[in-house]
Number of protein chains: 4
Amino acid sequence: MITSKDEITPRRADRRESLILAAFHSIAEQGFEGLRVREVAAQVGINSATLHHYFPTKEALIQAVAAYAIQRLVVTESPPEGTPRELLRAHLTRLYQQMQQEPALFVVLTEIRLRSQRNSAIQQFVQQQQAGWHERLTSILQAGIQQGQWPADLHAEDAASAIITFIEGASLGILSHPRRVAQSIAQLERWLTIG
Amino acid sequence: MITSKDEITPRRADRRESLILAAFHSIAEQGFEGLRVREVAAQVGINSATLHHYFPTKEALIQAVAAYAIQRLVVTESPPEGTPRELLRAHLTRLYQQMQQEPALFVVLTEIRLRSQRNSAIQQFVQQQQAGWHERLTSILQAGIQQGQWPADLHAEDAASAIITFIEGASLGILSHPRRVAQSIAQLERWLTIG
Amino acid sequence: MITSKDEITPRRADRRESLILAAFHSIAEQGFEGLRVREVAAQVGINSATLHHYFPTKEALIQAVAAYAIQRLVVTESPPEGTPRELLRAHLTRLYQQMQQEPALFVVLTEIRLRSQRNSAIQQFVQQQQAGWHERLTSILQAGIQQGQWPADLHAEDAASAIITFIEGASLGILSHPRRVAQSIAQLERWLTIG
Amino acid sequence: MITSKDEITPRRADRRESLILAAFHSIAEQGFEGLRVREVAAQVGINSATLHHYFPTKEALIQAVAAYAIQRLVVTESPPEGTPRELLRAHLTRLYQQMQQEPALFVVLTEIRLRSQRNSAIQQFVQQQQAGWHERLTSILQAGIQQGQWPADLHAEDAASAIITFIEGASLGILSHPRRVAQSIAQLERWLTIG
DNA sequence: GATGAATGAGCGTTCATTCAT
DNA sequence: TATGAATGAACGCTCATTCAT
């Protein structure tokens with residue numbers, strides 16, 4: 001027998017997620033500047049006072065969106081089978097595909113990156129993600145160097161940093177300059193001799 | 001002999017500039033989200049009503065800041081003497097120095113880039129600047145290819161795009177991840193064989 | 001049994017009405033020129049932000065006041081028993097009594113008449129009311145002519161127009177020239193041979 | 001020889017008049033609500049600060065407009081030749097013609113009438129004008145009664161009041177309901193047996 | 001007399017948040 | 001949990017008026 005109590009928790013989680021998604025899309029379309037608690041609540045079909053039962057403050061909602069967006073960008077997933085070159089290629093390809101399929105995610109991520117400079121809670125998310133991402137890229141590159149797929153004088157760490165910097169630049173350009181981003185990715189792959 | 005009339009125009013221009021600068025720093029520190037006309041006016045020591053004497057609306061002030069910031073980032077300057085490699089190297093070095101000396105400019109530029117996706121007036125500024133920048137990079141690279149400084153199979157346009165994408169990523173990281181940006185730049189210069 | 005739900009709507013309606021009344025009196029005393037939403041809200045004992053809970057804009061409040069004032073001036077009521085002469089007499093008497101009892105209503109109505117020249121929403125209210133009023137007056141007069149209470153050569157329409165014009169002039173004078181209005185009404189009734 | 005001093009006074013008077021006219025038209029189009037000192041000044045081609053050399057306050061300008069408008073409506077002019085009936089007929093005809101030729105004057109006069117209820121300075125102008133007007137109408141009517149042009153039981157004073165009330169109602173309707181005003185005037189003239 | 005610059009006071013409106021129900 | 005009502009604080013902006021030049 002299902003009591004109402006059994007349902008409350010999943011319902012609560014569902015609604016939290018709906019609110020995060022609604023906020024996410026608001027930010028994608030109007031930036032943090034245009035984010036309105038009332039609007040987010042309305043999109044989910046609830047009163048804005050009710051939203052505060054799920055997120056005590058607007059800031060809490062924003063943090064949840066930040067966590068959600070960052071987790072959406074899977075850059076430290078468990079590596080599938082493949083040589084380092086294949087892994088790196090797959091990594092970039094996957095990111096670029098995601099950029100094309102849901103540019104909104106990358107717009108939001110850039111908003112978050114900018115906001116992280118003034119918001120320590122968000123900064124932590126970002127730092128963590130970037131650290132893991134950098135580590136993973138470095139380990140792929142180092143493995144490749146050891147296997148002779150890249151020259152021994154390639155700086156694995158620097159190249160990892162460059163890839164991240166690059167992807168962040170692409171995130172910023174994907175919506176307004178998609179062609180430039182495509183060219184950039186192609187060039188990056190050539191430099192990494194995985195093109 | 002200096003009459004009062006001679007001074008009136010410069011004074012007005014001065015105050016306009018002061019307001020733009022104050023707004024610029026507000027945006028650098030708090031983003032567009034945190035930009036308040038009262039605060040900007042106070043920073044300059046005037047009443048907010050007086051600010052509207054110089055900028056009819058907040059939006060006009062924002063556009064002036066955008067124009068100012070974009071013009072500060074000189075990426076299409078008349079080329080100094082040098083070979084294409086030297087030119088490109090100087091270009092990147094100069095940008096990186098500017099990033100270190102005034103990271104605020106790059107933070108604001110990123111804010112502007114983001115806002116340009118929702119503001120057509122700003123979008124025009126950005127488009128124009130990016131077009132000029134891309135053109136200049138391409139011409140440097142093509143000249144270098146012709147002179148044999150870069151392999152003939154280097155895609156000048158793609159590389160130019162990659163450099164821009166890259167610098168935009170660096171702009172986003174310069175404040176919170178300066179080390180990563182430094183490594184990235186070093187790697188980019190190696191890829192461009194100008195390191 | 002009265003549930004809270006039963007009460008919510010009347011409460012909301014009550015407050016709306018209170019606000020309309022407060023705005024009405026503000027207009028009566030200070031004209032549209034002197035109407036301040038903060039003041040209206042304060043008169044009702046609420047924050048001005050709360051007023052916007054009931055009326056999204058000042059203009060919406062003004063329209064509600066216009067509708068209220070026009071509806072207060074009942075000039076197209078279902079006719080009570082009586083001959084056309086009696087009806088017309090009762091009509092004028094009633095209007096004059098209302099002028100004396102609540103001159104504020106007529107002041108506000110004049111403000112509305114003036115504003116209707118620049119405000120199409122209000123213009124509609126006014127046009128509708130005047131059309132209905134004119135029609136009713138005309139039908140009373142025509143009935144009277146048919147019954148021989150007025151000479152056959154009386155222009156029912158013209159007389160109806162004259163009565164309306166007359167009442168509007170009286171509305172304008174009732175506060176500052178009550179004696180003149182009294183004399184005017186007396187004279188009008190004599191001309192209509194109902195005095 | 002004409003010195004600049006000789007010219008200053010007439011120039012000053014001219015400019016004052018221009019400003020009054022500009023304010024008059026502003027009020028006619030937008031009411032007192034929409035009257036802006038800056039706009040009036042701009043219409044005359046001067047700075048709003050300069051306007052304050054001619055009228056110390058907005059209120060002073062408004063009073064000047066009130067005086068101007070009231071003086072424009074000549075209702076106490078020295079009587080031309082004619083019988084009382086002819087005089088009264090000419091009086092009404094002239095007013096109606098003026099209404100058709102420059103309805104703006106009557107709109108402004110109604111604004112002034114309304115404002116006079118809250119502004120003692122304007123109230124004086126209005127009272128004075130109305131007193132003179134009423135006196136003149138009464139004397140015409142009384143003369144006519146004495147000469148047998150109107151029945152002896154016509155109340156001269158009441159009829160004078162009625163005419164004034166009537167014209168004020170017509171002023172309010174001339175712009176939005178010209179047909180109704182025309183019918184009203186025709187009816188009034190019939191009642192006065194001057195039609 | 002004329003003006004550009006400046007301002008204080010105030011305006012209508014917004015919005016995240018609180019609270020009684 | 002859900003909400004309508006309420007609010008304080010603030011926002012961008014307006015405007016008559018003042019003042020130094």
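A quick note: this is a predicted structure, and the numbers were derived from the prediction, not measured. Any value given below was found using the heavy atoms of this structure, including those in side chains, with hydrogens, waters and symmetry copies removed. Within every chain, numbering begins at 1; the chains are lettered A, B, ... in the order of the sequence lines, protein sequences first and strands thereafter.
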For [X] and [N], what is the distance between atoms [atom1] and [atom2] respectively, to the nearest whole Å?
X: A:Arg12; N: F:dA2; atom1: CZ; atom2: P; result: 9 Å
X: A:Leu51; N: F:dT3; atom1: CG; atom2: C1'; result: 13 Å
X: D:Glu39; N: F:dA16; atom1: CD; atom2: C1'; result: 14 Å
X: D:Leu19; N: E:dA2; atom1: CG; atom2: P; result: 10 Å

Which part of the nucleic acid, if any, lies within contact of [X], taking any heavy atom under 4.0 Å across all strands shown: a base, the sugar-phosphate backbone alone, or nothing?
X: A:Leu35; result: sugar-phosphate
X: B:Leu61; result: nothing
X: B:Tyr54; result: sugar-phosphate

Taking the side chain of [X] as its heavy atoms from C-beta onward, which of [options] lies nearest to it?
X: D:Ala49; options: F:dA6, F:dC19, F:dC15; result: F:dC19
X: C:Arg15; options: F:dA5, E:dT13, F:dT3; result: F:dA5
X: B:Arg38; options: F:dT7, F:dC13, E:dT17; result: F:dC13
X: B:His52; options: F:dT14, F:dG8, F:dG4; result: F:dT14

Please report the closest heavy-atom contact between [X] and [Y], naming both atoms and the distance.
X: D:Ser116; Y: D:Gln123; answer: O-CB, 3.5 Å
X: D:Ala69; Y: D:Ile112; answer: CB-CD1, 3.7 Å
X: C:Leu105; Y: C:Phe24; answer: CA-CZ, 3.5 Å

B:His53 or B:Ser48: which one's nearest nucleotide on DNA chain E is closer to the 5' end?
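Per heavy-atom nearest nucleotide, the more 5' residue is B:His53.
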Between C:Ile46 and B:Arg36, which residue's closest nucleotide on DNA chain F lies nearer the 5′ terminus?
C:Ile46
Between A:Glu59 and A:Asn119, do the side chains contain a donor N or O and an acceptor N or O under 3.5 Å apart?
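The criterion, which ignores hydrogens and geometry beyond distance, is satisfied for A:Glu59 and A:Asn119.
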